[in-house]
Protein chains: 2
Amino acid sequence: MTPSRDVEPAKPVQLDKRRMILDAAVVAFATRGFHACRVSDIADEANVAYGLVYHYFRSKDEVLDTLFLERWDVLLEVIAEIDAQPLPAREKLRAIASFIIESYRHDPDLMKVIIVEVTRAANSFGRTHLAKIREAYALIADIVGKAQADGTFRTAVTPTFAALAFYGAIEQVLTGWIFDTLPQGEAEFDQAKAFIVETICGGLDAAAVR
Amino acid sequence: MTPSRDVEPAKPVQLDKRRMILDAAVVAFATRGFHACRVSDIADEANVAYGLVYHYFRSKDEVLDTLFLERWDVLLEVIAEIDAQPLPAREKLRAIASFIIESYRHDPDLMKVIIVEVTRAANSFGRTHLAKIREAYALIADIVGKAQADGTFRTAVTPTFAALAFYGAIEQVLTGWIFDTLPQGEAEFDQAKAFIVETICGGLDAAAVR
DNA sequence: TGTCGGATTGACTGGTCAGTCAACAGCTCG
DNA sequence: CGAGCTGTTGACTGACCAGTCAATCCGACA
C-alpha cells in the first residue's frame, strides 16, 4: 500500500541471525514455557526458517543452555567484583540483591526464563547446571564467611546456610513478580532490595537493643 | 524354584488399587520427573494395567494434582493448628519449619515431587495451584503480622515479605537435599530447623546487644 | 445358576514435535 | 566466470506417548 511498505522502521533489521534466534527464544520461552514452546515458535519469532535454528544450535536444549550460561556467567563475575570492593558485608549483599533485581527490571523475560526454566527447574535443566548455580551460592557464602571471621556477622549460622537463605529470598521475590503474585514496579523493586537485606541481616526479632 | 515362590512376603498385597497407583506415582515421578515419566511407568510400578490408571484418574495431570492437594491440605491444617497454639511467633515458625522438614524425613520422594514438580514448577503445574500455595504464605504472613502487632517482631519488613523469605529458606534447604547439594541426615535435619529460624528471626548482623 | 455392573486388561490410535536433509542462495576468491 | 563455501530454507520422518476402547474378569445378588 504505502510506497515503503517493505521497510520496517521500528524493528531495525538484525543481521546476526544467531543473536536474533537467541533473543526470539527468550520471548518464546518466557511466553509459552520451555516445554510447551516448539522450535518453530522460536523460528517464527525470529523471522527465520525452522532449519536455521539447527544451523546455529545443536538442539533446542542448547539454545536454553546458551541463554542461561551467557547470563549466569555475568552474574558470577559481578558477584566476584562486588566482593573485591572494600565494602561491609551487608553492603555487598545489598549490591548483589540489587544487581539481580536490576537484571529483572531490565529484561524480565530473560530473567523469567533463567529462573523458571533453569534455576527452579532443577529436575530437568537445572540438573545440568547445578554446579554453575552452586558457584553463586559459594561466592555468597564466602562473603558471609569473611564477615563472620572479622566479627561483622554472627556465627550462629553457617555461611552455606546463610547463602541459601539469602538467595532463597531473592528467588521467591522474583518468582512472585514473574507470576504476578507480588505487585511490581519501580517502588517495589527498590523496596525488595532493602527488605531482602533487612530480613537476612537484621532478622525479625525485636529482641535486645539495636 | 522355592516351593512358595509365588508368595511375596515383604510386599503385602495392597488392595486399594487407587492408593497403589498414587504411591507408585510418587516413586515414578520422584525417580524420572513428571515429564519424563510415562503413564506406563506408573502402571508398571503399581503392578497394574495401563488402562487402570485412567479408570481412577482422568489424566496423568490429575494424578499429580491429587498427590499435591492431599499433602498440601495437611500442611495448611497443620500451620493453622500451630498458629492457634499459645506460642511465641518464633516458636510457631520453628514448628512450621520442623513439620515441613519432618515431612521430608518421613517421605522424601513425596516431598520431592511436591516441591520439584509443583511448588517450584510454577510455570507448568504450579500455575494451577498458585492460589493453594499462596494460602500457606498468607498463613505465615499472618503469624508474622500478629507478632509485629504485639511487639515481638520488628516492623522493618512487611509480613508478606517475611513469609517469602522464611518459606524461601525452607525450600532452598529441601531443594539442596533433594538434589544432593547439601548433606542430609538426622543431624542436618535438626540443624536446618534451628538455622532457618535463627537466620530469619535472629538475622546475620552481629550489631548491638543481643 | 444366571445376570449385571464395576474392576481390570493392554493393544491401538492420533497427534505432536525434535531433528534431518536435500536443495537453493549468495558471497568470495582465484 | 565458476568453484566452493557458508548461510538459509521448509518439507518430511521417526519416535514417542497420552488417552481410548472393546474385551474380559469377577463378585454380588436374585
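Worth saying up front: this structure is predicted, and the values here are computed from it rather than measured. Every heavy atom of this structure was used, including side-chain atoms; hydrogens, water molecules and symmetry mates were not.
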B:Pro159 versus B:Ala141, closest heavy-atom pair with distance: CB-O, 3.3 Å
A:Leu93 versus A:Val197, closest heavy-atom pair with distance: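 Residues A:Leu93 and A:Val197, closest heavy atoms: C-CG2, 4.3 Å.
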Could you state the atom-to-atom distance from [atom1] of [X] to [atom2] of [N] in whole Å?
X: B:Phe57; N: D:dT20; atom1: CZ; atom2: C1'; value: 18 Å
X: A:Arg58; N: C:dT20; atom1: CZ; atom2: P; value: 11 Å
X: B:Arg18; N: C:dG6; atom1: CZ; atom2: C1'; value: 16 Å
X: B:His35; N: C:dC17; atom1: NE2; atom2: C1'; value: 15 Å
X: A:Asp44; N: C:dC17; atom1: CG; atom2: C1'; value: 14 Å
X: A:Asp61; N: C:dC17; atom1: CG; atom2: C1'; value: 13 Å
X: B:Ile21; N: C:dA7; atom1: CD1; atom2: P; value: 11 Å
X: B:Tyr54; N: C:dT13; atom1: OH; atom2: P; value: 17 Å

Run the side-chain donor-acceptor check on residues 69-79 of chain A: report pairs under 3.5 Å with partners two or more places apart or on a different chain.
unit_1	atom_1	unit_2	atom_2	d
A:Glu70	OE1	A:Arg19	NH2	3.2
A:Glu70	OE2	A:Arg19	NH1	3.0
A:Arg71	NH2	A:Ser103	OG	3.0
A:Trp72	NE1	A:Lys132	O	3.0
A:Asp73	OD1	A:Lys132	NZ	3.4

What N/O pairs connect the protein and nucleotides 10-16 of chain D at under 3.5 Å? Give each pair on its own line.
unit_1	atom_1	unit_2	atom_2	d
D:dG10	N7	A:Gly51	N	3.1

Sequence neighbours left out, cut at 3.5 Å: what donor-acceptor pairs do the side chains of residues 109-118 of chain A make with other protein atoms?
unit_1	atom_1	unit_2	atom_2	d
A:Lys112	NZ	A:Ala30	O	3.1
A:Glu117	OE2	A:Phe34	N	3.1
A:Glu117	OE2	B:Asn123	ND2	2.7

A:Lys92 (side chain) donor-acceptor with A:Ile82 (main chain) under 3.5 angstrom: no
Backbone of B:Met20 reached by a side-chain donor or acceptor of B:Asp23 within 3.5 Å: no
Sugar-phosphate, base or nothing in reach of A:Ser59, heavy atoms under 4.0 Å: sugar-phosphate
Phosphate OP1/OP2 of D:dT8 contacted by A:His55 side-chain N/O (<4.0 Å):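 So the side chain of A:His55 is outside the cut-off, no N or O lying under 4.0 Å from OP1 or OP2 of D:dT8.
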OP1 or OP2 of D:dT8 under 4.0 Å from side-chain N/O of A:Lys17: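 Answer yes for this pair, as a side-chain N or O of A:Lys17 is under 4.0 Å from OP1 or OP2.
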Listed nucleotide nearest any side-chain atom of A:Tyr56, set C:dT8, D:dA18, D:dG7: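 So the nucleotide nearest the side chain must be D:dG7.
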Reference residue B:Asp65; test side-chain hydrogen bond (donor to acceptor under 3.5 Å, both in side chains); the match among B:His129, B:Lys60, B:Arg58: B:His129
